[in-house]
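These notes concern the structure reproduced below.
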Amino acid sequence: MIDQYKRNINYIRISVTDRCNLRCVYCMPEEGAVFLPKSDLLTDEEIIRLCRCFARLGMKHVRITGGEPLVRDDIVSLVGGIKRLEGIRRVTLTTNGVFLREHLSGLCLAGLDGINISLDTMAPDRYRHITGKDCFSQVYAALEEAVQYKALKMKINCVPMTDTSEKEITDLVGLARKNPLSVRFIEMMPIGLGKRHSFRQEEELRCLITHTYGALIPLPPSKWSGPARYYSIPGFLGSIGFISAMSHNFCKECNRIRLTADGHLKTCLQYEKGLDLKSILRRETDDSSLERAIAFGIYEKPDGHSFHSLTYPEFCEQNYMSQIGG
Ligand code: SAM
Ligand code: SF4
């Protein structure tokens, strides 16, 4: 599926819920979040039907996200159902990791190819401060268990803020020294509560990491590396990655689209504009009409974000990241 700017779109991130058990300061308000009624959430069957259409249009990689995807009861069977579809080569999951241990073996048996665990610090008190919950030990235990599954590609995602200390950064990097996983630093985007926080940029993190651990050696991009750029450090089992939408715009190579938990197809994070696939899906019994609508939506994908613009574009995304599906 090629869009109007000749980008090959083959990766979809699907949000399966707007609910979450944590309240990360840059993502979800501590009080007053309003959630979708159950009838507005796509069912498993609807998600699988849409994935079948996406696969026929060329999507090869599906990432399940949220909200917190592991608060959805049927997550293991959903992963298995998507993984069995013809054309889908890779199914991965992004999670805060709190409920991961109890689902890990089921997810692996269902064919999950990779897990990204969001973890902004290794310090339990800071974890509580950032997420609102005292769950660091559960997440760390899940991480340790997940790295035992050799077939599972593991990544740790950190969104460093200006109050994230140098020690917090270097401790997280240390995870890639002794484990075969990628520790990735993601620049905060001015979406939802993210607008209220200042973040650490890639350049300063690179200086800090190099100073502590030695040279960062660029790794060649892989088929699945997307916008992340990866580096190795001599003596490390894993790698370090950066996803820097703010300081290194990657819109020209963007290969992704998103499906919200209530069935809106979003082709760029910054814009609210999205195609209401749920209505089409619930009206049309014929997949070809659905595929035509999706193809049109993808073709129209905007050329890129304008997060740095002083005047925000019209129809800018007003929702929290947890509602969009980060
Ligand atoms: N609950 C799951 C988790 O935390 O991994 C999945 C959903 S969460 C919205 C997905 C990712 O989005 C997390 O890694 C989170 O840190 C990131 N995120 C949330 N708000 C962000 C923002 N404004 N800019 C960049 N990343 C953000
Ligand atoms: Fe929940 Fe993930 Fe948002 Fe944190 S980043 S509040 S874990 S959805």
Side-chain angles (χ1 to χ4, degrees), residues 13-33 35-36 62-72 75 79 92-100 103 107 114-121 126-136 138-139 142-143 146 154-162 164 168 172 182-202 205 226-228 241-250 256 258-261 266 268-270 305 307 316-326:
R13 297 174 72 96
I14 298 182
S15 172
V16 295
T17 178
D18 59 340
R19 289 168 193 259
C20 186
N21 51 324
L22 301 184
R23 293 289 181 272
C24 300
V25 287
Y26 51 79
C27 182
M28 228 173 151
E30 214 172 336
E31 306 281 339
F35 298 111
L36 291 166
V62 175
R63 176 170 293 282
I64 305 292
T65 181
E68 172 48 40
L70 299 185
V71 302
R72 185 165 167 139
I75 194 71
V79 165
T92 54
L93 176 88
T94 295
T95 171
N96 60 37
V98 174
F99 300 133
L100 181 57
H103 293 295
L107 286 167
I115 297 187
N116 291 6
I117 299 182
S118 301
L119 185 62
D120 293 335
T121 179
R126 278 276 299 162
Y127 184 92
R128 190 183 325 109
H129 173 77
I130 295 167
T131 67
K133 293 277 168 61
D134 217 351
C135 295
F136 173 77
Q138 282 108 294
V139 179
L143 191 163
M154 286 279 304
K155 296 174 191 162
I156 305 298
N157 285 346
C158 164
V159 180
M161 293 176 278
T162 35
T164 306
E168 287 177 278
L172 282 165
S182 298
V183 174
R184 310 188 316 164
F185 295 98
I186 301 173
E187 284 181 353
M188 177 98 65
M189 289 176 283
I191 291 179
L193 298 179
K195 288 186 201 130
R196 298 192 198 160
H197 294 270
S198 48
F199 63 95
R200 281 181 178 263
Q201 287 206 4
E202 174 177 335
L205 297 175
F242 297 95
I243 303 182
S244 309
M246 302 305 289
S247 66
H248 296 72
N249 183 314
F250 44 75
R256 61 187 56 190
R258 291 179 152 81
L259 182 68
T260 63
K266 268 182 73 72
C268 176
L269 252 186
Q270 191 179 12
H305 71 68
F307 286 142
C316 223
E317 181 59 74
Q318 301 298 327
N319 289 306
Y320 302 125
M321 202 66 149
S322 55
Q323 295 171 307
I324 305 166

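Computed from a prediction, not measured in an experiment: that's the story for all the values here. Just so you know, ligand 1 is whichever comes first in the structure, and atom 1 is the first atom listed for that ligand. These values consider heavy atoms only, across backbone and side chains, with no hydrogens, waters or symmetry-generated copies.
Side-chain atoms of Thr260 and Gln323 form no donor-acceptor pair, as typed in the model, at a separation below 3.5 Å. Side-chain N/O atoms of Glu168 and Thr121 include a donor and acceptor closer than 3.5 Å. In the model, Asn96 has a side-chain atom that pairs as donor or acceptor with a side-chain atom of Glu68 under 3.5 Å. Judged purely by distance below 3.5 Å, without hydrogens or angles, the side chains of Thr94 and Arg63 pair a donor atom with an acceptor atom. Of the N and O atoms on the side chains of Ser198 and Thr162, at least one donor lies less than 3.5 Å from an acceptor on the other residue.
Within the 4.5 Å cutoff, the side chain of Ile117 has heavy atoms near those of the Leu100 side chain. You'll find the side chain of Thr164 stays beyond 4.5 Å of the side chain of Phe199, heavy atoms only. For the pair Cys27/Tyr320, no side-chain contact is recorded, criterion being any heavy-atom separation below 4.5 Å from C-beta on. You'll find the side chain of Phe185 stays beyond 4.5 Å of the side chain of Glu202, heavy atoms only.
Close approach of ligand 2 to Gly67 (heavy-atom distance below 4.0 Å) involves ligand atoms 8 (S).
Around atom 4 (Fe) of ligand 2, protein atoms of type N, O or S found under 2.8 Å number 1.
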Could you list, one pair per line, each nitrogen or oxygen of ligand 1 together with any protein nitrogen or oxygen closer than 3.5 Å, giving atom names and the distance rounded to 0.1 Å?
{"residue": "ligand 1", "atom": "1 (N)", "partner": "Gly67", "partner atom": "O", "Å": "3.0"}
{"residue": "ligand 1", "atom": "1 (N)", "partner": "Glu68", "partner atom": "OE1", "Å": "3.1"}
{"residue": "ligand 1", "atom": "4 (O)", "partner": "Ser118", "partner atom": "OG", "Å": "3.4"}
{"residue": "ligand 1", "atom": "5 (O)", "partner": "Thr95", "partner atom": "O", "Å": "3.3"}
{"residue": "ligand 1", "atom": "5 (O)", "partner": "Ser118", "partner atom": "OG", "Å": "2.5"}
{"residue": "ligand 1", "atom": "14 (O)", "partner": "Ser118", "partner atom": "OG", "Å": "2.7"}
{"residue": "ligand 1", "atom": "16 (O)", "partner": "Tyr26", "partner atom": "OH", "Å": "3.0"}
{"residue": "ligand 1", "atom": "23 (N)", "partner": "Met189", "partner atom": "O", "Å": "3.0"}
{"residue": "ligand 1", "atom": "24 (N)", "partner": "Met189", "partner atom": "N", "Å": "2.8"}

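Of all heavy-atom pairs spanning Arg200 and Met161, the tightest one is CG-O, 3.5 Å.
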